[in-house]
Amino acid sequence: MTLKVYNTLTRAKETFKPLQEGEVRMYNCGPTVYNIQHIGNFRAFLFADLLRRWLEASGYAVRQVMNITDVGHLTDDEHDEGEDKIEAMARRSGKDPWAISRQYTDKFLEDMGQLGVREPEARPRATDYVEPMAKMVEELIEKDFAYQVGGNVYFDVTRFENYGKLSGNRQEDLEAGARIAINDEKRNPADFALWKSDPAHLMKWETSFGPDGFPGWHAECTVMAIELLGESIDIHTGGEDNIFPHHECEIAQSEAWTGKPFATYWMHTKFLQVDGGKMSKSLGNVYTLDDVLGRGFTARQLRFALLRGHYRQPLNFTWDTMVAARSALEGLDDTVQRLRELAEGKGGDLAPEDGSELVAQARATFTQGLDDDLNVPRALPGLFALRPAVLEHRLGSRAAAEALDFLCLANEVLGVLDMDECFIDEQVEELIEARQQARAAQDFAEADRIRGELEACGIVLEDGPEGVRWRRC
RNA sequence: GGCGGCAUAGCCAAGUGGCCUAAGGCGACGGAUUGCAAAUCCGUUAUCCCCGGUUCGAGUCCGGGUGCCGCCUCCA
């Protein structure tokens, strides 16, 4: 019963051991708020949430920080080289960059809320840490890891011998495919910007490097992680695209700066695919939460659809998988309701403890799955195993209560079940009774009319041998 | 050109060399049940991308194809 996680740094699954007993310090790379976040972005954030929840369920006190990048993230378009993403959007839309980032930050937080993502301990914004970032850059220059050319400051990768240890890239190989024009200011093509100056930039700060500067992208994560969590943290997460250059550069500047290991475990989520391929604007399949809601699905269903694959495997999103997610969750929600009835003793003549071993087994399946590098698809059969157990009347009242207990725990981790008790008001109950009378009187037209009426209110009736069941749809 | 990952049923997706004659979810089809419907129950639905190799034994390891995905200076 120990958690194992795959560490990108060592390319191996390792037994998880925090630096401080019982406490986990985790930094998650968050969104760049220059545009609305899409379901691909959500995959990484939902993974961070899952990891945090599983660590908590495993008894750790988790200190979780997820940044919001609201400055300094340069685009790399061949046409508008070096423009800040947020600024680019500001120019395009004619808005103030601060307004852009505020607008999309708000939208992001709203989406996270709808997706059931728990608030981390902190969501620092890069613009609130510009001063300490500048200070770090100054110190890196002092330590001779960085050099200044005019108002720009670059990190000299040749001064950090482990540069490349995360991504496996070798400095001499990086030159080959350079997508970007060679920057003459740099000593080595692989050097990365710690600080940039540009009078035309809209978001700029006055520092010792000049009056019109802004921080390089990598600086923020190092500074905010270290300020909020300490010089050495346990876990650092992000999308697979962050491995290089972002996390490679973070390691270099952090460890050069502090002289200590930055993060023990680096965990990266694979990209989400759509219709078996990459998402792209030209294919029109870059979906947002609103697109998903607009198709009649819920945020909870999306959460399940994105969480149900293993985070290190590519996951394919299609509308069919949303339909499958909806059906699967309906089955689980129904299982919860039925377990409640069983736990209350409406289960017939089974001994209370009958089926307990089944529940224990389901729980073990779930735990083993998540302990194995957060393998949700291995854990899920633990939940689904309860359904046939319920329907085939194999659980006594005590076992049903245990099953509910387990589902509560599982839901603390997955956050996809509807554990709310379903209530209906008296009026609805009267309608159901009226329909029963109509059926008894063979007045099926009236019975069907009432059923239709209820269905319009979102209540589905099911006539079974033991009477009428109802559920919300 | 360099680095890394993936390829399992109609769809999604586990599988950590030997109870894999391959989990689980969704769907489809046949049957039972039902006033109808829904739900439920029973049954059916996989030459594990291709070709070689290692091994007593490979979906699982190795090599080569093919296809897809990510990164190579700032996209989760």
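Here is the naming used below: chain letters follow the sequence lines, and residue numbers restart at 1 for every chain. Nothing here was measured: the structure is a model prediction, and the numbers come from that model. As a basis for the values below, the full set of heavy atoms in this structure was taken, side chains included, without hydrogen atoms, waters or symmetry mates.
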| said: With a cut-off of less than 4.0 Å, is there a side-chain N or O of A/Thr8 near OP1 or OP2 of B/rG4? | reply: no
| Using 4.0 Å as the upper bound for N to carboxylate O, is an ion pair formed by A/Arg52 and A/Glu119? | no
| Would you say B/rG70 has OP1 or OP2 under 4.0 Å from some side-chain N or O of A/Lys278? | yes
| said: Categorize A/Gly164 for me: base, sugar-phosphate, or nothing, with a 4.0 angstrom heavy-atom threshold over every strand shown. | reply: nothing
| query | Taking only N and O in the side chain of A/Thr32, is any of them less than 4.0 Å away from OP1 or OP2 of B/rA76? | reply | yes
| task | Could you tell me whether A/Gly464 contacts a base, only the sugar-phosphate backbone, or nothing, with contacts defined as non-hydrogen atoms closer than 4.0 Å? | result | nothing
| task | Please tell me which of the listed nucleotides, B/rC6, B/rA39, B/rG4, lies nearest to the side chain of A/Arg471? | result | B/rA39
| Does any N or O in the side chain of A/Ser101 come within less than 3.5 Å of the main-chain N or O of A/Val33, such that one atom is a donor and the other an acceptor? | no
| Partner of B/rA38 by Watson-Crick or G-U wobble geometry, both contacts under 3.5 Å, or none? | none
| task | Any strand is fair game: report the nucleotide pairing with B/rA7 by Watson-Crick or G-U wobble, both distances under 3.5 Å, or none. | result | B/rU66
| request: Would you indicate what A/Ile243 reaches in the nucleic acid, counting non-hydrogen atoms under 4.0 angstrom: base, sugar-phosphate, or nothing? | output: nothing
| query | How many Å lie between CG on A/Asp372 and P on B/rA13, as a whole number? | reply | 18 Å
| request: Please state how far atom CG in A/Leu386 lies from atom P in B/rU40, giving the value in whole angstrom units. | output: 15 Å
| query | So, are A/Arg471 and A/Glu462 salt-bridged, with charged N and O less than 4.0 Å apart? | reply | yes
| note | Separation of B/rG27 atom P from A/Glu330 atom CD, nearest Å, is 9 Å
| remark: Taking B/rA76, B/rA13, B/rC41 as options, the one with an atom nearest any side-chain atom of A/Glu392 is B/rC41
| Which is true for A/His268 with a 4.0 Å heavy-atom rule: it touches a base, it touches only sugar-phosphate, or it touches nothing? | nothing
| Among B/rG2, B/rA76, B/rA23, the one nearest A/Leu272 by side-chain distance | B/rA76
| query | Atom CZ in A/Arg326, atom OG1 in A/Thr321: separation rounded to 0.5 Å? | reply | 11.5 Å
| query | CD of A/Gln436 versus C1' of B/rA37: gap in Å, rounded? | reply | 14 Å
| request: Answer yes if the side chains of A/Asp333 and A/Thr335 hold a donor-acceptor pair under 3.5 Å, and no otherwise. | output: no
| Does a side-chain N or O from A/Asn28 land closer than 4.0 Å to OP1 or OP2 of B/rA76, or not? | no
| query | At under 4.0 Å between heavy atoms, what does A/Arg435 touch on the DNA or RNA strands: base, sugar-phosphate, or nothing? | reply | base
| request: Identify whether any heavy atom of A/Phe384 sits under 4.0 Å from a base atom; if not, whether one sits that close to sugar-phosphate; answer base, sugar-phosphate or nothing. | output: sugar-phosphate
| task | Indicate whether the side chain of A/Glu14 and that of A/Thr10 have a donor and an acceptor atom separated by less than 3.5 Å. | result | yes
| Nucleotide opposite B/rC56 in a Watson-Crick or G-U pair, distances under 3.5 Å | B/rG18
| message | Less than 4.0 angstrom between a side-chain N/O of A/Arg387 and OP1 or OP2 of B/rU40, yes or no? | response | yes
| said: Need one value for A/Asn375: base, sugar-phosphate or nothing, where a base atom within 4.0 Å counts as base even if backbone is also close, heavy atoms only. | reply: sugar-phosphate
| Which part of the nucleic acid, if any, lies within reach of A/Arg439 when heavy atoms closer than 4.0 Å are counted: base, sugar-phosphate only, or nothing? | base
| field | Mate of B/rU45 where both pairing distances stay under 3.5 Å, Watson-Crick or G-U | value | B/rG27
| request: Please state how far atom CG in A/Asp49 lies from atom P in B/rA76, giving the value in whole angstrom units. | output: 18 Å
| field | 5' priority, RNA chain B, between A/Pro245 and A/Ala445 [closest heavy atom] | value | A/Ala445
| query | Atom CZ of A/Arg472 and atom P of B/rA39: how far apart are they, to the nearest Å? | reply | 19 Å
| query | Checking all strands, does A/Asp241 fall into the base, sugar-phosphate, or nothing category for heavy-atom contacts under 4.0 angstrom? | reply | base
| message | Considering every strand and a 4.0 Å limit on heavy-atom distances, what is the contact class for A/Leu383: base, sugar-phosphate, or nothing? | response | nothing
| said: Heavy atoms only, 4.0 Å cut-off, all strands: where does A/Met279 land among base, sugar-phosphate and nothing? | reply: base
| d(NZ, A/Lys270; C1', B/rA7) in whole Å | 14 Å
| remark: Considering only heavy side-chain atoms of A/Glu240, the closest of B/rC11, B/rA13, B/rG4 is B/rG4
| field | Donor-acceptor pair present, A/Asp463 side chain and B/rC36 base, under 3.5 Å | value | yes
| Is there a side-chain polar atom (N or O) of A/Asn41 under 4.0 Å from OP1 or OP2 of B/rA76? | yes
| query | Rounded to the nearest 0.5 Å, what separation is found between the CH2 atom of A/Trp470 and the CD1 atom of A/Ile432? | reply | 7.5 Å
| task | Take A/Ala385 and A/Ser167, find for each the nucleotide of RNA chain B with the closest heavy atom, and name the residue whose nucleotide sits nearer the 5' end. | result | A/Ser167
| Any donor-acceptor pair under 3.5 Å between the side chain of A/Arg451 and the base of B/rA37? | yes
| query | With a 3.5 Å cut-off and just heavy-atom distances, do the side chain of A/Asp448 and the base of B/rG35 make a donor-acceptor pair? | reply | yes
| task | In whole angstrom, give the distance that lies between atom CZ of A/Arg43 and atom C1' of B/rC6. | result | 12 Å
| query | Does a salt bridge link A/Asp111 with A/Lys107, judged by any charged N lying under 4.0 Å from a carboxylate O? | reply | yes
| query | Is A/Phe271 stacked on the base of B/rA76, meaning ring centres closer than 5.5 Å and planes within 30 degrees of each other? | reply | yes
